[in-house]
Every structure is written in C-alpha cells, then in structure tokens.
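Please read the structure below before turning to the comments.
Throughout, a chain's letter reflects where its sequence line sits, starting with A, and its residues are numbered from 1. Keep in mind that what you see is a predicted model, and the values were worked out from it rather than measured.
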Amino acid sequence: MSKAVPWDEAEVRGPKLAYTITPENCGRMIRRAKRLLIVVGGNILDEEYTKAGTLHILERIVKKTNATLAISAGVFKAFHRFEDAKYAVNVESLVDRLKDGNWMGFDGKGGYDFILFVGSLYPFQSMMLATLKHFAPNIRTLTIERYYHPNAEFSLENLSFERWRDGLEALVKALEA
Amino acid sequence: MSKAVPWDEAEVRGPKLAYTITPENCGRMIRRAKRLLIVVGGNILDEEYTKAGTLHILERIVKKTNATLAISAGVFKAFHRFEDAKYAVNVESLVDRLKDGNWMGFDGKGGYDFILFVGSLYPFQSMMLATLKHFAPNIRTLTIERYYHPNAEFSLENLSFERWRDGLEALVKALEA
Amino acid sequence: MVTKINIKELTSSHLKIKGLELTVGRFVESEDWAEPMGPTPYPTIMDLREWDLKLLKRYQPFYSPLSDFCEFCTFGKCDLTAGKRGACGIDMAGHIGKWSLLQSVMGASAHTTHAHHLLNFLIKQYGGDQPIDLGSEVEIEAPITRLITGIKPKKLSDLIDVVNYLEGQITHLLSATATGQEQNYLDYESKALHAGMLDILALEVADIAQISALGFPKGDAETPLIEVGMGVVEREKPVILCIGHNVAPGSEVINYLDETGLYGQIEVAGVCCTASDLARFSKGAKIVGPISRQLRFIRMGIADVVIVDQECVRADVIEEAVKVGSRVIATSDQLVGGLPNLTNMDEDTIVQKLASGDAKAVVIQDPVKVGRVAVKAAQLIAPLRANQKGYDKDKVLAKASLCSLCLSCTKNCPIGINVGLAVNTAKRGDPSLLLEVFDECLGCGRCDSSCPNDVPVLTVVDAASEDKIKRERFKIRAGRGPIKDTEIRNVGRPIVMGEIPGVVVFAGCANYPGGNNHLAMMADEFAKRRYIVVTSGCAALDIARYKDENGQTLYEKYPGDFDAGCIVNLGPCVSNAHAVGAVVKIASIFAKRNLRGNFEEIADYILNRIGAVAIAWGSQHQKAMSIATGANRFGIPVILGPQGVKHRRAYLGRSEDYGRWLVYNAKDGQLVYGGPSPEHLLCVVETPEEAMVMASKMVMRPNDTPKGRMIKISNYVSLHRQLYGCLPEDLHLFVRDENDLPVTIKEEVLQIIKQRGWKPIEIPDPTLLSRMVMGGR
Amino acid sequence: MVTKINIKELTSSHLKIKGLELTVGRFVESEDWAEPMGPTPYPTIMDLREWDLKLLKRYQPFYSPLSDFCEFCTFGKCDLTAGKRGACGIDMAGHIGKWSLLQSVMGASAHTTHAHHLLNFLIKQYGGDQPIDLGSEVEIEAPITRLITGIKPKKLSDLIDVVNYLEGQITHLLSATATGQEQNYLDYESKALHAGMLDILALEVADIAQISALGFPKGDAETPLIEVGMGVVEREKPVILCIGHNVAPGSEVINYLDETGLYGQIEVAGVCCTASDLARFSKGAKIVGPISRQLRFIRMGIADVVIVDQECVRADVIEEAVKVGSRVIATSDQLVGGLPNLTNMDEDTIVQKLASGDAKAVVIQDPVKVGRVAVKAAQLIAPLRANQKGYDKDKVLAKASLCSLCLSCTKNCPIGINVGLAVNTAKRGDPSLLLEVFDECLGCGRCDSSCPNDVPVLTVVDAASEDKIKRERFKIRAGRGPIKDTEIRNVGRPIVMGEIPGVVVFAGCANYPGGNNHLAMMADEFAKRRYIVVTSGCAALDIARYKDENGQTLYEKYPGDFDAGCIVNLGPCVSNAHAVGAVVKIASIFAKRNLRGNFEEIADYILNRIGAVAIAWGSQHQKAMSIATGANRFGIPVILGPQGVKHRRAYLGRSEDYGRWLVYNAKDGQLVYGGPSPEHLLCVVETPEEAMVMASKMVMRPNDTPKGRMIKISNYVSLHRQLYGCLPEDLHLFVRDENDLPVTIKEEVLQIIKQRGWKPIEIPDPTLLSRMVMGGR
Ligand code: SF4
Ligand code: SF4
Ligand code: SF4
Ligand code: SF4
Ligand code: SF4
Ligand code: SF4
Ligand code: SF4
Ligand code: SF4
C-alpha cells in the first residue's frame, strides 16, 4: 500500500495530514483560487529549483492567475523581471499576517483564500505551514515542493527530481488549459 | 487514497510504522512462526473481546500452533480451560524479558521469534509495542486488535466491529487451512 | 561587623555556597540534638549516586517511548527509532532517561515552590518563630528533613535552609536536562531519583509548616467526617470554590467568614488538594471531589467565585468559569492566566469590579485580601446568578442531535470510552449509555474539543447524569497528617517482623479506566486482610466516592489509626510525606537507626526490611512521577495503573536473575541470596486484580521473620487463588524454608516447589551497603 | 548569639525567604555605594510582568508547532491540532508558551549551575575575598548584577547571593511548567522572559568570577591571536582535548604543565566554549573549533585524553572517544556518563588505570586532580596510540561501497544535505561531492546512525576531506571579556545619537545551512560599514574559520576595540553578558541612568534608544533560546537563522499596526507614534541577505537623532538595494521628517513616500513607562 510520508524522516505529523494531489490537480486547484498568494522561500535560487526552472514556472503561474507574489526578501533580486504584484517579505512575518483574519492583503483589498508555498528549506516551510494549520485552519495551503509536506492542506508526494520537474510543467499546463 | 492511521488520534508515530495486513495473511504468518508467543492483555474480558469470541479464537490458534500463552495475570482465571502452555504474567515485565536477547523463554528452550498481542488497552499495548520496536527491533510483533497499532511490525487496519470479528474468524480459518 | 564575621566564616570554612545558611541552621539546633551527623547531610547529586546505581543495577530502567522523536532543540526533531541517534549524539534510552529526569524535576520544583510559597505566607502571618509542632505524640516532627538534611527544624524559619537547598539542587538537576549535558540513562535516572527524594522533602516541609501554623490535625486517628461529592454543595447559598494545592487563600476565606460571623451562610468548597486542606482547616468546608470533578463542577456554574491557586488547576478553568458567569481570582504567581493584577487595588473597588462584571477574572496575590474579596463578591454575585446554576438538561441533551457518529470524541478519549456511541444513542432517544459513561469518565473534556460538530460532549454526559450528580454525597475522614510516634512503636515490630503483612499506600491522581470503584475495592480488600492501608490526594477522595452494601464509605467502615486493618487518610498530596515519614520513623523508632544525614542506611533498611508498597492507580502528573521516584529512592516500591505506562519508565527487577538478589549478610559480610523482594521498584499493571496480587508480593522483604513471611505468603497465595484461580508460579522464590509456608498449604506447596528444584536458604540480615556489615553504623 | 540575631532579623523584617542573604549582601556594600535603590531589586516573577506585557503586546508571540501533540503527562498524548484542547484543558498556544518557558528555564538553569560550579571552585581555590576586578578601566564591573539585583559585588563571595536568587527563581519558573499550573501563553512568555533575564545574569556572574580570579583579559582590545581549526593540533605530541564550558579542569591542566615545565610539550586544545576560555587563560591553548568539530575531531583519534566538563558536550563523546582509544575524564556532576567515580582514588592509581586501559573513562570531580591526572596519563598513553591518530583514508572510503543510495542519511540530515548522493558518487569513484558536503556539514552524525548499511557516513565525508582538515588553520583574537567604561564613554553618544549605525552581535551555535562563511560575510559587511560588530561563542569561532582574499581572518583585518568598524570577540557564551552589559552601561555611563535595581527603566531606555541587535544565525540549544529571550527582555532584538524556527516561538511586531507603536513622549506625557523601531523582538530569517537587511533596519530606534537616523536609513537603503535590488517598501515608516533622509536619495524617496501618504512626525523622547514622563526617574 502506498503511503504519503514526509520527506524528512523525523517530520512525522498527524493526525491532520496534507492530502496528496497530482500536479495536474494542483493546476486545476490553483485556477479556482480567487485571491492566490504565492510565497516564495529564500532557497528558491538553490540548484534544484534552478534546474527545474521554477522561476519560469512561477512566471507562468502568475501570468495566468494574477497571483500576488510574496518573495523571501533575500532572493527578491532574482525576480526583477516579474512585473506583477510582488513584495519582498520576511516569510515569518508574512505568515503572522496571514493567520490574522483581519489582514487585508498587500493591496488592502482583502485576505488571500489560497496560499501556494515553494522554495524554502524543508523544516522552515514545514513550520510555517504548521503555524497556519494550527492557528488559521481555514486558510487553504498548497505546497509544490518536491517533497511531501504533511502540514500543508495539499501537497505533492515525494517525487524524484525528474518527476517533480515534469510535474511542475504538467501543473502549469493544467492551469493554462 | 487510503491510509492506515492509528485509532487513537494522538497516537501518530513514525517513521517506522506497522505494515497493515489482512486477517488471512495474519493467519498465514502465524503459521510460519517457529516459536509463537501470544500475549493476552488484561482487558481481554471486556465486552468487545467477549462479543467477538476472542477467547475461542485464541484457543483455536493455540491448538493449531502450540503457541505459548502469556496472560496478563488479572485475567488468567478466565483461561482455566486452556490446557497448553500458559503463564500468568505482568505484561510489562514479560516485555522486559522479551527485549533481552538472552532470555530463554518460559520453558528455557529459547526465545520467541514471533509475538502476537491482543487484549490490552490501546495506549498500554501501544507502549509495550514501542518498547520492542525501539529496543528489540529484531523481534517480530503482530497485533490482532480491532485498531491499527503503528508500533507493531504487523497490524490489522482499523476495522468496524463486525469486520474485525469476521476477520478473526478468517484469520483462524487461514491458519487452520 | 556581625555580618562580616558571618561572611568570613562562609568563605573560609565552607566550600558549598549554601554554607552560610547551613552554618546558621546547624549552629542553632546543635545545642540540643545529640544524634551524631551521618555521612550525607544536604546531599548533592553525587553523594547518593552509589546508592542509586545499586538500585538501578537490580531494578533496571525499562523504557516505553511515547514518541519516536526528540524535539528538544533546533537540530531536531531527530528520529531516534531503534538505535538511531540524534544530532547531539543521544539515543532513545538517553532521551527517555532525560525525560524521566525532566519529569521528576518538574514535579519536585512544583512541590518546592509550593513549600516556598506556603512558608513565606506562614512566616509573614505567624512569624518565623512559630514552632514546628506536630503534637505531643509526634516527637520526630520531620523525619524526612532530619534524614536528608541533618537538621532538626524547631520553628518555621528553620525550614528556610531546606527550601534553599531544594532550590539549589533542583536547578542543578534541571541543568542536566539541557542538550549537551548528561548523556547516560543510568545517570539521568540517578538524578531523577535525587529529584524524587527532594520532592518528598519538599512535601514534608510544606505539610509540617501548615500543620504547625494552621492547626491542622496532628496525627489524630479520628478526624471529622467531611462531606465529599458533587452533590454536597448547597447551590442556594453563595458558593466559593477553591482549586489547587495552596490552602492559604481558602483558609483566609474561612477566617474571614469566622470573623464576620458569616460562617455557614456561605458555602466553601474545594476540588483536589486545596479541598483536602480546607477539610483539615475547617470541618465546614466541603469537598467536591478529585481532579475528575474539576471541569464538570465548574461548568455546572454552581460556584459564584472560583479561587485558583497553584498545581492541578485545569488550563481552561478561567475561561470555563467566566463562561458560566462565575468570577475568578488567581492567587499565585505560578498561575496568573493573563489576568490583570489587582493585588494593590483597594479591596472594595475589586469587589465592585467583580460584582459588576467589569472584571470577571483578576489576580490578587495576597491571601488575606483574597479571603475578604471572595466573600464580599460572592455575596453580591450569588443573587444575580441564581438561574445560572446547574444545567438546563433538556437544552443540553438536545445538542446530541448534532452528532454524526464520527467517533472523533471516542478516538480522543484518553481511556477509550466510546462516548460518541453514547451521544449518538442518546440522539436516538436512549441516554442510558451516557449514564454508563458518567461512571468511568475522567472529566477531561478532550471529547468536547475534538467534536467537529460542536457537541459539548462532556456536558451532555453530565446533564444526562444529573440525578447521579445530585446523589454524589459521601463521607471522608479529614486528613490526619503525620503518624504518631506511639503508633510507630506499636506497629514497628509487627511490620518489620512481617506480622502485619504490609503497609499499602493508595496515592495519586484520577487517571484510570474503569472508574473509581476499583480503588475502593482494592483498599477494602487490603483493610479486610488487616494490612495497614494509607491513602492521600485524589486517591483518598476517590476511595470515598464509593459505598458498600450498607451505604457506608470505607472511612466509615474502617478505623483511622495507623494499625492493621485501617484506612488512614493522610491528607492532600503533600501529606504523602507522612507515608514515607512513617516508614522512616519505623527505622528510627523501632530499629533505633540514626536518621540524621543518614539517607543510605535508612533507605537500605526500608528496602530490605519494611514491607511497604504504594499503588498509584491513576498517576498522572509530573508530580506523581516525582513522588513515586522519590519513594523508590527510599526503598519503597510503587505500582502504577495502566495509564502510568505513559510515564515511559519503570524500574523492573528480574526475579529469576539470581545475581541481582544478592545482599550482604550484615552478620558476616557474605554475599548471599535474599530473594526477589521486592521484585520491582516501579512497575505498571493492567488490572486492579493484578495490582492487588502484585502488592501482596511486593511487601515481602528479605528480612521477614518466618512468621511474617508466612503471613505474607498466605495473603499472596490466597489473593492469587482468589483472583487468578491458581497457585503462583514463582512461589518457590519466596519460600526461604519450610517455616515460611502456612500450614494449610505447606504440603501441597512443598511438593510442587521441590519438583522445581527448590532448596531452603538462610534468612540473612540483609543490606546492600558493605559498610553496614557487622552492624557497623 | 551572633547567629541568632541574624535569624531574628530575617524572620521579623523580611518577608522573602531570601531575606537573610539579601540583608547580608546589601548591608555590606551599602557603605560605599551611594546610588539609590530602584524599584525592583532581586525581582520576582511578578515584579517585571507589566514590562513583559508591554513588550508582548507590541511583539506578539508567534508560534510554529514542531509537533501536533503534547505528551507531557499520562493523560496524553493529546492532539492539540487546530483548536483542540488537551485533557488538562490546555490549547496549542498554551502548550507552546509552556515549551517556550521550559526551554528558557532549562537554558537559564544550565548557566546558573555553571556559574555555581565555577564560583564554588574559585572560592575554594582563591578564597571568597578574591576581589571582583575587571581592570582599572572597568568601573562598572557588573552592570547586569547591579541592575537586576541591586547589589554591587566586590568579591567572589558577594556573588553567592546572586546565585541563590537565581536558583530560587529558576525553581519557581520551572514549577510553572508542570501540568496544572500556568495556563495563559502570555504569562508563560512573561515567565520565559524572566528566565531569559536570569540567564543573562548567570552569564555575568560566571564570567566576572573567572575573569577576576583566573586573570583572563579584562577588556583588552588587543588580546593574543590564537590558533583555531582542526588542523592546528600537533598530533605528534600528547594531546589533551577539553570539551564543554567550564574552564577549571582545563586551566588546571595548564597550571600543572606550567608547574612541571612541561608547557609546550603537550598539546592542550579545546572545542566549544571551554576552548574559548582556555584561549583566554593561556595563549598556548589551541581551539579545534565550534561544536560542529566536536564529533569529527574525536573520531580522528588525535586526542589522547579527552576531558569533558559540562554543557554542549555531545552525548556520544565518551563512547566515540573510547572507540578510538582515547581516555576520557568526566569532571562535572552535570555529566557523569555512567562512569565510575574515582574522585577519591589516589592520583597515580588513576593514571595507571587509564594508561593500562583498565579504566578507559572515569569521573574525577576535582579540577586540580584532573589537571595532574590528564597530563600524566596523556604522556603515558600518547606513545601507545601513535598509530591510532587520523583516519586510514582508503579504508574508510572503501566503506562507501556499502551504499545502496537509499537516502536515509539525506532524509535524516538536519539541514537536508544530500550526503547519500555524495557517498554514492564516491562509491562510483568520484569523491568530489563529499568535499562539498564537508563545507556545509554540521558534523552531527545523524547520517551515520540512520544508515541501514552501516556506512560511517560522516567519517567518509571527513576522510575524503583530509586535506581540507589539515588546512584548517585560522587566527582568532582571544576573548576580551567586558567593554571598558572608557570605550562606552567614547561610543555612547554616537550610538545613542545614531551616528554609529548600530551594534551588531553575532552569537550562538553552529546550526545552519550553507556553511560558516555566511557568518563571516555578514560580519565583514557590518564592520566595513562601520557598525560595532561583536561576537561570542561558536559564532566567534566560525567567523574565524574564513579567510579573505589576502589570507586574513576578520580578526586580523579589523581592530578589536569596541568602536565603529571593529570585530570584537567577547569570548565564550558566558561572555554574551558583556554584550548586554555594554548596552546597559551606555544607559548608565552615557545617559547617567541609575542602574541599581532599576530594570524596567534601563530596558525601556535600551529598547527606545540603543541601536543594538543580535544575530543568532545558528541558534541551537535551550541556552541559546534563553539568552535570546533574555536579550529581548532587555529591549535588544534578536534575529535567528532558519533553523531557529524550530525554537517554535518568535516575538513579532506588525509594522503597519499603528497602535502598537505608540510611546509616551517623556517631555509631555502624550502618547505619540514612535514608528516600528525595532520592528521585531525575535524573528527568523531565511537567508544571510535577509539577516543583514533586517539587522540594518532593526537598529533603528524612535529616539534616533536626524543625523543618526539618516545614517541608519542610508545603510538600510544601501543594503536593501545591494541585496534585494530595490528600495524598501516600508521606508516611509522610518522617515520621521525630511532630515532623516540622506541627501543622495532624499528627492527620490520623498516623492515616493509622499505618494504613499507619508507625513512627517515629531521625534519623541520615547518611553513605554508612564512613570518616566517628565524625566521622572
Ligand atoms: S536534543 Fe539531540 S536528539 Fe533532541 S532534537 Fe536536539 S539534537 Fe536531536
Ligand atoms: S471527558 Fe470523559 S468521555 Fe470525554 S474524553 Fe475525557 S474521559 Fe473520555
Ligand atoms: S465527535 Fe461529535 S459528532 Fe463525532 S461521534 Fe462524538 S459527539 Fe458525535
Ligand atoms: S493526586 Fe494528582 S491530580 Fe490529585 S491533587 Fe494530587 S497531584 Fe493533583
Ligand atoms: S499536559 Fe495536558 S495536553 Fe499535555 S499530555 Fe497532559 S493532559 Fe495532554
Ligand atoms: S553529519 Fe553532516 S551530512 Fe551528516 S546529517 Fe549531520 S549535517 Fe548532515
Ligand atoms: S543511508 Fe547509507 S546506504 Fe543509504 S544513501 Fe546514505 S550512505 Fe547510502
Ligand atoms: S554557541 Fe551554542 S554550541 Fe557553541 S558553545 Fe555556546 S551554547 Fe554551545
């Protein structure tokens, strides 16, 4: 029987665990989001992400969805070519705002109904997702990391690099479809 | 996707979790054991077990396998009709001996290669299985409780009462086959 | 100048930082205490380590991990499954050893802080010169303190030294739990045993201080019978409810009622230990019950003012009390609950604020003020709250209709009660299962918060059980505190010789499956068999919540003097000190061993000679664990109920392992077999039946006289037969020679055990300490 | 008689149990210390709670649960996910608040015990009259002690009071973590802040005691350059390695070498703080490195004798050392490791036992004896172990062939290094990835124990990196201890006025991804920008393990005086006290605020006026957390690296939340907007870039002069542009009026921020304390 397990061997959580979904379903889910926020972590420039073309993927997602980008400030520079709404943030204090139901978003137009995470160290992202899971259980969170994140609401399974890279492509295709 | 989860909501463990197996496979597995020890917990006389005819099931297993019975002392009295090797034990100190590779068994003829657990409160059994999982990782443990026990090596899934009761019957049938 | 001399002394002649205070302490009483100082006054971590290692070699730590991970530092969490090590190098045994120490030191710190707070208050109210006085029949007023510290406290201020010592040691022990300190599980356990011993000392300090200053019973066998139960509080009167362990705010409520002549017009009730203490302070105080009654009684809204002090206070008390319109006063810096601190505000202003609801929950850190404010506020509030008292049964039960039978509540119940099914059955019109749940339910409320459909599960249970709650009216003898020296003189010999089969202590919290009747059943059995039965804390209250066929509680059925066939209620948890103290006093009074600074010898004496055992059937807290661990260091074995497995550590003997049971024969120094007695130091059992048989076995001691051993074996065999339906398999291990066997079974047993290769052995004069050989002291 | 009088005083005139000691302490120095006593000498838990609540209202606890459960007692484990409550009534926020307190109090206990042990030893060796002497240029010898306790310690014995106070408070705080005590997360945090403050006090006590007695540098800017690195130890000589935090055993080794003229013939090296301390004691001592070097250096087998004391000792050190033939001496009761206690055995017998291997690891709890035994044993053992030093590279690398690429090692790596791939690539003949791993690896060994095929993963990494290890040779300036009063006088004004843009402290352990160079890079940047850069502990060592293009370490590149553009190594972790102390001294010396028992006012001063910030890039331990929390209570913000998220708690401000940033204007008592400065008290960042920009922002203070703010903004903007490639979005929040803007960007920025509705505000004379209004002190 297949079983979704967190990548980090000690990162077992429960009983509220992320649903694993396919990249295609990720794409469809993103499409349905009303106000999508993409949280880009400080490790998005690490080799794996670069090799998978994550920045380009994100660019396409943003184009399709008009998502707002919250970018971990240390890597903000790499996003200069992104023209849409983007903000350099400290991810922790962004999450602090996200868990506050009264926060009206960067543009003051209201909260975000769907948060997509990518690009942080596994334990760091895991903890941010945990904060939202516990203290803002109504916020929908999705991670498109290569590794399963039990603290998200939705997550990919643990994938080989190739399957993940191809999955990101499939995700965007499904979104663009 | 189906997922084996421990019954008790806070009993999440990992990353080394019990394999879930079918009752039939339980039966086959028991058949293959060389020196089988059955650990009967102090709650074996509780309503559920009685309703499921657990004692009778155990009797049939013993008959078929020549297993040794280690019975939580407080319920030993109920086993008077069992004629084969049976011992009234404190389960904790039995487990203490089991985790000692040098223990030669009740009869002095050697350790047990396979331990079947049934009849203890969920948290109590869970902790006994945890002791063996951590400190005697080579001992094979199986639980035939109605509820999934992640700390065992093999466990049934969480089952409805009826499916469990029927499963026990199926287990014995497979063993007797 | 004076002061300078003191400092001089300190820095030149004492290496320990505690030096100055010790000097003061010792100087003062050395005048009239002739007993020579033993080897380990104010022992440090290393001073008793050799003793611990002796214990731990025989009774080896048995670990049951509750989680597979360690998450103590940011290197983690680390998976420690089956041999893996964490990033700091620790393995699972080390980690659980550390947990074991952490638990014990948390417990010890709670009792030490309790003692410190009490002492501060009592010194403030009564002066440091207030004598430590446990009554004319208690000469050894502080057996634990004398034994451990080597001082003989004569007045409250003498206890200050002891508290300072406790705080120093606790800090050192806690330090060893930090990542990167101790690494070996045996030394973690040695430190845990040290923490446990300190805990027992803290208990004694707290209790002898309050007994001395507040006039609690001083070892009276016939203390008043107090009412206990959720049904005893008269809701028509203004009701003040005290929760926790520190009696001071509650006793000041009563003092104020006395002063103003309001006594009797206002109900003063308590839950947990504060209740037991109030019952010692005033026979008019009422006891709602053990911790299992805390949340449910608060939810009933009967209390107009809730006073919380410290320890065993539920973390939702303030919120829940406010929800039903009660007012809350928090009184201890241990529990401030985020509330505004009005300690320095004018009394009447606070009363007004509380009455108006302007402030529904406040902090007042002055027990005298709390007493006055609580009474005045309760008088004002009660009339306004008349219709908020008790459940609207129909309205509550109607909420069962929300149930979808998801069983989340059941899966979150610590003892696996199928409360979801009960709710759902009630939804379908049949509340009978709810009534069954009521009897076993711990009142923890986990079912409530886990219900996705917001069924107030526990409230549904309780509302359905309204009649049962009303009928909850029992009698308990108020805690008597210490055991008298005269009693010790009477029973010392029969206990050591084994003619009284043993002392069985029922202590600890209310965390067990199956309901409280098991406790009463066990106590009844041992009292009937003429053991000395002692109880304390929530166990004492739970034992009271049971009536026999004649409608009597065990307290009405059995006498309260410390003798064969008694049921002695010592008092609240701090009174556990007197159980240990009694055992220590046997060594001192009966066996004439020196106590002063002489821990090892006395613990060795107890382990080898005094047939005492404790049953902590519902052990819950860190404090319960540290008391148990402390008892263990004194050589007293402890049996835990099934939930106790979640303490994660036992100390198990192995009866067949010959080498573990060798003792020195003090007569000639030979290492001889003493038998597996007691078999374990700390073990978990599954059923009350097992607890009883285990206890009857664990009271055996290598030193038992033939007659004594015969009586113990007789009980062991008879209980074994009665409850297990057969003779014990291990009986041969306890028969030293034929004379140990009761005549009625001698032939039968001898035949069996001889088949097993049994050979008689000599009864040693047993000790684990080589220096005790030849009677050397 | 004398003694009696003291007791009398105690019981009649003091309510606190600490009374007696306080009386002594105060009495002694009040003679010549004119400074009036502030409101909170020896503050208890409640005394500073109002201050904490002010901080916590602005900087709210932010919780990231590392587990979804609580398993503190036998009612559990309880699932606390998303609103569920445990069986004791606690919810997740309460539980993590409790954890936060527990962590902090564990940390504080470790440092307090360290201080206690040191003080015991130093008083024994040098007498209690040994003066506290930090050199002629350090008049305020103990700023933290004066501030918190209200005493001015003149000699070692004066510090005894302080330690007793610490132990009492720590016990009380620990008590509040027991199940059933505190329930509100804010009060858990207030208690955690109290614990943190106590920790800083303990650090000061420990360090001023050892500096005074052992002749460590007393604020010298030019301390000797010491060798650091795994390559600096001469393995041909007998090698003694000291691990931990307590210098005493190591310094006694050196003393004995000096006495016997053996100095130079035997290598004395250390890891972690003991190393830093030995470097202060003797410039011949060598530093192997921070905690990341501990396991790997031991495994190399270079040490003949390993001395472990306390704190930051890996839990596998004894086992691993014995495995490679080293001998181990454990010296502290905090870490006995299950070893036999030979403290009372004859010295030469111990040496023989060690040399013969009869005893491979022992306990000796007497630093002087340890010194002698270690040297003698090392001399005997070294020749026998010559061929055990260093790895057999080929043999180790051959083990890579066992690898099945299961990636269990990778999945267990705390920082996610793909070490499995590296091993497997090496198996296929290419060790290059192993060399990459070496640079980032924390040396924690989790990969090893998780390998199902028994590949000794870390050893494989290190053996492959043999050459790198040999080249690990760097220079560090030995820790200088306190900051001189003269330096404070020089920089006080420019710091408070903002002309020196800030004080940036790099502290804490080595738990971060990306290797140590990030630390050096950050320190370099701030030194270059003429911040005052201060460092300590493992961070100070990790900063040294980097050379610039000229082959210089930063310690060679920048001066060591406390002034703009410096790199100051304070010393080991206990020297962190001097960082806080320097800031406190600014308030005292520059601003002439009274220190004595005056915590709130000084913390308020620091928070509002002194632009200091700490970066704990690799914060690991409970101790790291308690120090950070302590700094926070003093008003000093702390930035943690990404692994710091696993401390589970931050204190976050919300810059746009106007209400949080109101301060009293001391001039007129009006509540006015002071701006979000500092924005957070404790926050986690993901990258070094973010840490740098965040730090440059967090040094801003409401009180900055226009010129000062201009310089700070200038750095903030320039770093933001350099590292993020743009202007800060939140710049308008920090511009109070046009004068705050550097000319070069004024026009551009003004235009932007005016579009955002920016309006100038007045610069307040800021305080959070209403009683400080109108300059009232
Ligand atoms: S204390 Fe040790 S085992 Fe626990 S998380 Fe930290 S490194 Fe891992
Ligand atoms: S309140 Fe009673 S039924 Fe509900 S979870 Fe607790 S013990 Fe179980
Ligand atoms: S959790 Fe609620 S809905 Fe589910 S079974 Fe229990 S009472 Fe019914
Ligand atoms: S027995 Fe346990 S629950 Fe009851 S008052 Fe004592 S410590 Fe608290
Ligand atoms: S302390 Fe509370 S939440 Fe934690 S296990 Fe015990 S009852 Fe559950
Ligand atoms: S030793 Fe290095 S590679 Fe191995 S788990 Fe630790 S940090 Fe990762
Ligand atoms: S754990 Fe062992 S076998 Fe698996 S990848 Fe790592 S080195 Fe290879
Ligand atoms: S910085 Fe951290 S790891 Fe290093 S010595 Fe200090 S506490 Fe230990």
Segment of [X] engaging chain B (4.5 angstrom heavy-atom cut-off):
X: C:Ala691; answer: neither
X: C:Thr687; answer: side chain
X: C:Met694; answer: side chain
X: C:Pro688; answer: neither
X: C:Val693; answer: neither

(message) Apply salt bridge (Lys or Arg N to Asp or Glu O under 4.0 Å) to residues B:Lys16 and C:Asp68 and explain how you reach the verdict.
(response) CA-CA 9 Å; B:Lys16 194 181 162 190; C:Asp68 299 330; over 6 Å; no
Counting only heavy atoms closer than 4.5 Å, note whether [X] contacts chain C via side chain, backbone, both or neither.
X: B:Ser120; result: both
X: B:Pro123; result: both
X: B:Asp46; result: neither

(message) Run the side-chain hydrogen bond (donor to acceptor under 3.5 Å, both in side chains) test against B:Asn25 and tell me which residues pass, sequence neighbours left out.
(response)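 B:Thr22, B:Arg28.
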Is the shortest side-chain heavy-atom distance between [X] and [Y] below 4.5 Å?
X: B:Met127; Y: C:Val684; value: no
X: C:Ser64; Y: B:Phe124; value: no
X: B:Asp96; Y: C:Gln60; value: no
X: B:Tyr122; Y: C:Lys411; value: no
X: C:Glu686; Y: B:Glu92; value: no

(request) Check the surroundings of atom NZ in B:Lys34: do more than 12 heavy atoms from other residues, nucleotides or ligands lie under 6.0 Å from it? (result)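 Count not over threshold, so no.
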(request) Apply the test salt bridge (Lys or Arg N to Asp or Glu O under 4.0 Å) to residues B:Lys77 and C:Glu689: give CA-CA distance (whole Å), side-chain angles for both, the deciding distance (0.1 Å), then the verdict. (result) CA-CA 11 Å; B:Lys77 215 171 170 178; C:Glu689 291 79 11; over 6 Å; no
(request) Output the distance between atom OG (C:Ser655) and atom CG (B:Asn90), rounded to the nearest 0.5 Å. (result)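 With rounding to 0.5 Å, OG (C:Ser655) is 10.5 Å from CG (B:Asn90).
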(request) Measure the NE2-NE2 distance between B:His134 and C:His95 for me, rounded to the nearest 0.5 Å. (result) 9.5 Å
(request) Might you work through the side-chain contact (heavy atoms from CB on, under 4.5 Å) test for B:Trp103 and C:Glu656, ending with a clear yes or no? (result) CA-CA 10 Å; B:Trp103 189 52; C:Glu656 72 275 18; 3.7 Å; yes
